[in-house]
There are 2 protein chains.
Amino acid sequence: MAASTLSEVARLAGVSLATASRVLNGSTRKPAEDIAERVREAAEKLGYVPNAQAQALAKSSSGLIGLIVHDIADPYFSAIARGVQEAARQQNRMVLLASTSGAPSDEREAVAAFAARRADSIVIAGSRSARPEDEQGNLELAAELDRYCRNGGHVGVVGHPIVGSTTNEGYHVVEVPNEDLAAELADELAASHEGAFVVVGGPEGLFTSDDRIRGFQRGLADAGRPRAEVVRTGFNRAGGYDAGLALAERIKASDERLCIFAVNDVMAIGVTAALRAEGVWIPRDANIAGFDDIETLRDFRPALSTVYLPLEDIGRLAAGDPDGGSVVGSVKLRRSTELPAESQTA
Amino acid sequence: MAASTLSEVARLAGVSLATASRVLNGSTRKPAEDIAERVREAAEKLGYVPNAQAQALAKSSSGLIGLIVHDIADPYFSAIARGVQEAARQQNRMVLLASTSGAPSDEREAVAAFAARRADSIVIAGSRSARPEDEQGNLELAAELDRYCRNGGHVGVVGHPIVGSTTNEGYHVVEVPNEDLAAELADELAASHEGAFVVVGGPEGLFTSDDRIRGFQRGLADAGRPRAEVVRTGFNRAGGYDAGLALAERIKASDERLCIFAVNDVMAIGVTAALRAEGVWIPRDANIAGFDDIETLRDFRPALSTVYLPLEDIGRLAAGDPDGGSVVGSVKLRRSTELPAESQTA
DNA sequence: ATGCAACGGGAATGCGCTTTCCCACCTTCT
DNA sequence: AGAAGGTGGGAAAGCGCATTCCCGTTGCAT
């Protein structure tokens, strides 16, 4: 048994299709109350559920928001997703989800799928990239998005404008002050750390990573400190772990006390885990800082100095929440104590 | 400019609507290659994007999977979401997301919305509840789901069957062996812990929590240990933190060395944070275990003994992945060492 | 009493597509 | 050569709904 239709309801109520439609699905014209009641009763009795597809087709507006993330299980993205979801709820829309692992070609595909579903808007999160191997993919993604916009779609981009897009029409970029915040973080860290700095960054060409690196270097420079050495690795825990292993060697060999800035919290956790595995103590032998202030990691010890990013708000903004506001974020300097001071008294 | 339509493509290619449809959208009938080529060219030139809504309407299958979670930013749910997303990808479908904060009435609403969109199937994750205040909501949710199933929908439920559902038709429950695994965990913990056990559980009536508590008690009993005292609190970090504060008092006052089992990792983290804040050392003064083996928390120290749950697989199964398999999970006993052994040698 | 506007319900059209059904044409076998 | 069967394209009928006209009623002012 397929779901019952509006015309069945209309027939049962003894009214026309038009009237039934007007009663059940918010129209400007309100039929008389007694008729309306009859229709509602009929609908109830038949268990009528309006067909949103048909509605969308008829009034060409789907009530859908497309969300593109690299990986929904990554806390960075799931926090953004929460914001998008919330905005959608307020706008009485639903969220369509696509995970892409970050490949522009997958992203292009997702955009096409969203466009096919006539999503009212698309939110695309996840670092844009300028890596040569992504160039072709970026161009195609940009073309797909441009087309979507030309057809009246709205695109919310988290972070950086789409590489290769030829228009601004329909785009709404939520700027994340990665560079400035990283500079601020560097400044604060410089105040409490004597030794050298090392940056554990993602692959070159990843804007988010590059911005944070650039900002960090600027902050160091402003604080009168030498540039940090930059280690490139994967933009995830595994990458951080690998970098951490290498750094551990160095720390143990040279006895220098480094301050390591990983460009996101998850990488920082990887670094920490590797150092710990290699017998490097924090903060005795090294300091570690991250970026994003991932909620689940706030209780992590040794505590990560990090930068708070209002990810949920970012998602909300990208999804076009009217009561806008801009992204600010703030540095969270935390004492990395292996044994919290309070513990000493226990 | 609205997106171009199939009939525009057909006209440009000089063929009928039917032919264009057959060329562009997988039909069993394959038109001649030269004609097909003409159509494809026309489509390309016009930037044709098929209208999925119209397609869905015409062939009454939307290619949508609805996913209902309590909170997409919760790592437990986002891990499941990843699995669902993956299954969807394989089935060539898209995921529609709804977060509900756990209220059955919201869940009902989400189901209705999915039904309206004619989702091919719905996955509903998040603990079912038997709490009296949810009874009415549960009934309505069950009615909505039953109706959806009657209309040919498929429902994948994570954990427990829907409370109040009057049919099995269309339902597919992915059983999670919470009880057995908790028993196993208790057994393992009993082997290495001498003192008393305390369980930090969620509100009474939450099946997931209740199952884990019951299993844990059973495991203790089987190991010849006395029942654990059960503390009820919120099913999240804050709840764990609150419980942790209370337990800290006790630990400090009585000098007893407890083993605390929090019914999920996030709560366990809360407990740990509270104990730490109160100057209780782990593992010197207490032991802590959790459940779920949340990925982001694996590097947490003191390490959580926990139970691995293949959340991604669970999501995949609930989303109806054909190459089934059942949920197993396994206990992960971890030494809770404040200072990892390796560190001592540094 | 008459005219007009406002109102409320219904028939019909179309949203963009899939899918039967039909027909013209071309093979192939007896 | 003729019939039976296959092949490939097109016309048209919906899928379920919103919405535009259209028309019969009613209320009110004239």
Side-chain angles (χ1 to χ4, degrees), chain A residues 1-40 42-43 46-64 113 115-120 151-152, chain B residues 1-40 42-43 46-64 113 115-120 151-152:
Chain A
M1 158 188 170
S4 51
T5 72
L6 187 58
S7 59
E8 288 173 26
V9 174
R11 193 175 337 124
L12 180 58
V15 301
S16 80
L17 197 59
T19 303
S21 169
R22 292 196 262 253
V23 171
L24 296 176
N25 312 73
S27 159
T28 47
R29 284 182 57 173
K30 297 283 167 207
E33 187 46 40
D34 54 335
I35 289 198
E37 190 49 39
R38 252 193 7 247
V39 173
R40 267 183 242 111
L46 291 176
Y48 170 72
V49 178
N51 185 323
Q53 314 264 10
Q55 292 188 148
L57 189 57
K59 54 182 171 190
S60 51
S61 148
S62 62
L64 254 28
R117 295 222 136 78
R118 299 300 186 262
D120 297 332
N151 289 343
Chain B
M1 157 189 171
S4 50
T5 72
L6 186 58
S7 60
E8 288 173 27
V9 174
R11 195 180 329 127
L12 180 58
V15 300
S16 80
L17 198 58
T19 303
S21 169
R22 291 198 263 252
V23 172
L24 296 175
N25 312 74
S27 158
T28 46
R29 285 182 55 173
K30 297 284 167 207
E33 187 47 41
D34 54 335
I35 290 199
E37 190 49 39
R38 258 202 350 255
V39 173
R40 268 185 241 110
L46 291 176
Y48 170 73
V49 178
N51 185 323
Q53 315 265 8
Q55 292 188 143
L57 189 57
K59 54 183 171 190
S60 52
S61 149
S62 61
L64 254 27
R117 296 222 136 76
R118 298 300 186 264
D120 298 332
N151 290 342

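- Between the axis at the start and the axis at the end of the helix from C:dA1-D:dT30 to C:dT30-D:dA1 there is an angle of 40°, using five pairs per end and rounding to 10 degrees.
- Applying the side-chain contact (heavy atoms from CB on, under 4.5 Å) criterion to B:Ser60, with sequence neighbours excluded, gives no partner residue.
- The shortest side-chain heavy-atom distance between A:Ser61 and A:Asp120 falls under the 4.5 Å cut-off.
- Per the geometry, CZ belonging to A:Arg11 stands 14 Å off P belonging to C:dG10, to the nearest Å.
- The CD1 atom of B:Ile35 lies 12.0 Å from the CD atom of B:Glu37; values are rounded to the nearest 0.5 Å.
- Here the P atom of nucleotide C:dT13 and the CG atom of A:Leu57 are 18 Å apart, to the nearest Å.
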Produce the list of close N/O pairs, under 3.5 Å, pairing protein atoms with atoms of nucleotides 17-24 of chain C; give distances to one decimal.
from, atom 1, to, atom 2, distance (Å)
C:dC17, OP1, B:Tyr48, OH, 2.5
C:dC17, OP1, B:Asn51, N, 3.2
C:dC17, OP2, B:Leu6, N, 2.3
C:dT18, OP1, B:Gln55, OE1, 2.9
C:dT18, OP2, B:Ser21, OG, 2.4
C:dC21, N4, B:Arg29, NH1, 3.4

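- Taking B:Ala42 as the reference, B:Val9, B:Leu12, B:Ala13 meet the side-chain contact (heavy atoms from CB on, under 4.5 Å) condition, with sequence neighbours excluded.
- Taking atom CD of A:Glu8 as the reference point, atom P of D:dC15 lies 10 Å away to the nearest angstrom.
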Side-chain donor-acceptor distances from residues 19-26 of chain B under 3.5 Å, at least two apart:
from, atom 1, to, atom 2, distance (Å)
B:Thr19, OG1, B:Ser16, OG, 3.2
B:Asn25, ND2, B:Gln55, OE1, 2.5

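- Every residue two or more places apart in sequence or in another chain was checked for a salt bridge (Lys or Arg N to Asp or Glu O under 4.0 Å) with A:Arg11, and none qualifies.
- Contact check for B:Asn51 versus B:Thr5: no side-chain heavy atoms found under the 4.5 Å cut-off.
- Nucleotide D:dG16 holds its P atom 17 Å from the CZ atom of B:Arg117, rounded to whole Å.
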From CA spacing to verdict: side chain to side chain contact (heavy atoms under 4.5 Å, CB included), B:Leu57, B:Arg118: CA-CA 9 Å; B:Leu57 189 57; B:Arg118 298 300 186 264; over 6 Å; no

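- Between B:Leu24 atom CG and C:dG16 atom C1' the separation is 13 Å, expressed in whole Å.
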